[in-house]
S.K.: 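Okay, handing you the structure first.
Values below: all heavy atoms of this structure, side chains included; hydrogens, waters and symmetry mates excluded. This chain uses plain numbering: 1 for the first residue, then up along the sequence.
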Amino acid sequence: MSKRTPFTKLSVFLVLCSIGLFSFAHLGALAYDRFLSPAQPVSGSENKDVAGPSDQNPEHKSKSEATIETISEIKVDGLPLTPGLQQFIDTNPEIEIRGASPFSLLEFIEGEGFTGATDQDLSTLASCLYELILPTNFEVIERNQSRELPDGTELGMEAYVNEEQGKDFIFSNPNSGSYTITLQWQGDLLSISLKGAELPYRVTVERRDKLVFKPKVIKQYSPYLHTGEVMVTKEGRNGMQVEVWRSFQTMKGEFLKEEKVSEDFYLPVHKEELHSMKDYVAGKAVYVSEVDETSSEVEEHKTRDSSVPQESPSNQEKDEQSDSPDNANSPSTKQNSNASSSEEDLPLPDMK
């Protein structure tokens with residue numbers, strides 16, 4: 001009995017040591033996997049089905065998302081909401097502008113089979129798109145303007161479209177990547193934005209050399225109006241001229257270049273007024289009398305200048321002779337004086 005006891009104790013000790021070593025090794029492996037080993041992708045059929053290429057490379061995913069930015073954005077207030085314009089925005093909330101290719105508004109609506117917009121609707125849309133792409137490196141290929149600046153369109157921002165006359169609005173995207181134009185209503189405002197890859201420089205739009213031309217007033221006369229009565233038959237409008245420029249700068253503010261985009265000119269619309277014929281007659285009579293008085297004053301001034309003798313010896317002698325008593329009583333002098341008095345006092349002949 002005494003001999004078996006040491007052996008039993010030794011066996012129990014060995015078993016306990018084995019359990020301790022196994023536990024220590026397992027804990028060490030767990031600590032290594034948790035704190036020291038690099039992260040490994042989880043292997044499994046379910047995870048392989050869910051994960052895609054962008055999920056396997058988080059850095060690539062964040063980089064691609066960062067490149068999609070809002071390059072330009074405008075908000076148009078007070079836009080005339082016509083059925084054609086509303087239908088176009090509802091049908092085309094997004095328009096893709098492909099890289100290194102032109103975009104034609106007329107070709108776009110023809111390709112989409114859209115026929116519900118008028119020329120005025122297309123002109124309004126083209127003017128908004130023109131203002132949107134100005135602060136970018138997009139190049140304007142074709143742009144037209146009307147004879148009068150439409151209401152609600154800023155000076156220098158008009159793009160006139162006429163489908164029947166073939167007047168289109170065309171611009172090109174020189175970048176390799178595609179861009180997207182989004183149109184959406186925000187209450188009474190129309191928000192239009194251009195989204196895509198960030199441009200390598202900044203573009204600033206500036207309007208220069210703005211001129212205003214006052215309209216003339218065209219007066220017409222009517223016998224049916226009273227004296228002093230004036231009726232405006234057509235309101236006048238100022239003529240305007242402006243140049244649109246854009247400059248390119250690096251992200252650090254260094255100047256690169258500037259270019260003249262357009263020069264718009266609108267003739268003034270003359271104002272037309274209808275006046276009374278009585279005012280015209282009275283004004284003409286006053287004008288004629290003023291002209292007669294002026295002409296008589298000029299003639300009298302000329303006569304006085306011609307009657308003044310020149311300062312010469314011969315003239316002085318003639319003046320002395322005329323002032324002498326003998327010449328005063330001569331028959332020729334009396335005859336001339338009587339003739340002059342008879343011409344001034346000659347009565348008008350009797351027409352009867």
S.K.: To the nearest 0.5 angstrom, please state how far the CE atom of M157 sits from the CG atom of L149.
M.R.: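 With rounding to 0.5 Å, CE (M157) is 11.0 Å from CG (L149).
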S.K.: Considering only heavy atoms from C-beta outward, does the side chain of L211 approach that of D209 to under 4.5 Å?
M.R.: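 Side-chain contact under 4.5 Å: no.
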S.K.: What's the separation between atom CD in E131 and atom OG in S72, rounded to the nearest 0.5 Å?
M.R.: 8.0 Å
S.K.: Would you say the side chain of P93 lies within less than 4.5 Å of the side chain of T182, judging by non-hydrogen atoms?
M.R.: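 With C-beta onward as the side chain, the pair stays apart.
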S.K.: Sort out for me which residue in E148, E158, Q241, R147 forms a side-chain hydrogen bond (donor to acceptor under 3.5 Å, both in side chains) with Y266.
M.R.: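 For Y266, the side-chain hydrogen bond (donor to acceptor under 3.5 Å, both in side chains) check succeeds only for E158.
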S.K.: Any chance you could lay out the side-chain contact (heavy atoms from CB on, under 4.5 Å) test for N92 and L183, step after step, and finish with the verdict?
M.R.: CA-CA 8 Å; N92 305 281; L183 302 94; 5.7 Å; no
S.K.: Given I71, which of N175, T136, I133 fulfils the side chain to side chain contact (heavy atoms under 4.5 Å, CB included) condition?
M.R.: T136
S.K.: Can a salt bridge be assigned to the pair E243 and K260 using a cut-off of 4.0 Å between side-chain N and carboxylate O?
M.R.: yes
S.K.: Do K75 and Q186 have side-chain N/O donor and acceptor atoms under 3.5 Å apart?
M.R.: yes
S.K.: So, are E69 and K195 salt-bridged, with charged N and O less than 4.0 Å apart?
M.R.: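 So E69 does not pair with K195 through a salt bridge.
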S.K.: Counting C-beta onward and ignoring hydrogens, is there a side-chain heavy-atom pair between T204 and F248 closer than 4.5 Å?
M.R.: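 A side-chain contact is absent here, since even the closest heavy-atom pair is not under 4.5 Å.
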S.K.: Would you say the side chain of V244 lies within less than 4.5 Å of the side chain of V205, judging by non-hydrogen atoms?
M.R.: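 Result yes, sub-4.5 Å side-chain heavy-atom pair found.
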S.K.: Does the distance from a Lys or Arg side-chain N to an Asp or Glu carboxylate O, for D151 and R237, drop under 4.0 Å?
M.R.: yes
S.K.: If the plane angle is over 60° it's perpendicular, under 30° parallel, otherwise tilted; pick one for Y221 and H275.
M.R.: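 Tilted.
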S.K.: Look up atom NZ in K234 and atom CD1 in I218, then write down how far apart they are to the nearest 0.5 Å.
M.R.: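 These two atoms lie 8.0 Å from each other.
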S.K.: Among F171, F169, F103, F114, find the residue that satisfies the ring-ring contact (aromatic ring centres under 6.0 Å, His included) test when tested with F108.
M.R.: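 Option passing the ring-ring contact (aromatic ring centres under 6.0 Å, His included) with F108: F103.
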S.K.: Would you check, one step at a time, whether the test side-chain contact (heavy atoms from CB on, under 4.5 Å) holds for K167 with Y160?
M.R.: CA-CA 7 Å; K167 294 185 177 181; Y160 176 70; 3.9 Å; yes
S.K.: Looking at R208 and E258, is there a salt bridge between them, counting it only when a charged N and a carboxylate O are closer than 4.0 Å?
M.R.: yes
S.K.: Within a strict 4.5 Å, meaning less than it, do heavy atoms of the R143 and Y130 side chains meet?
M.R.: yes
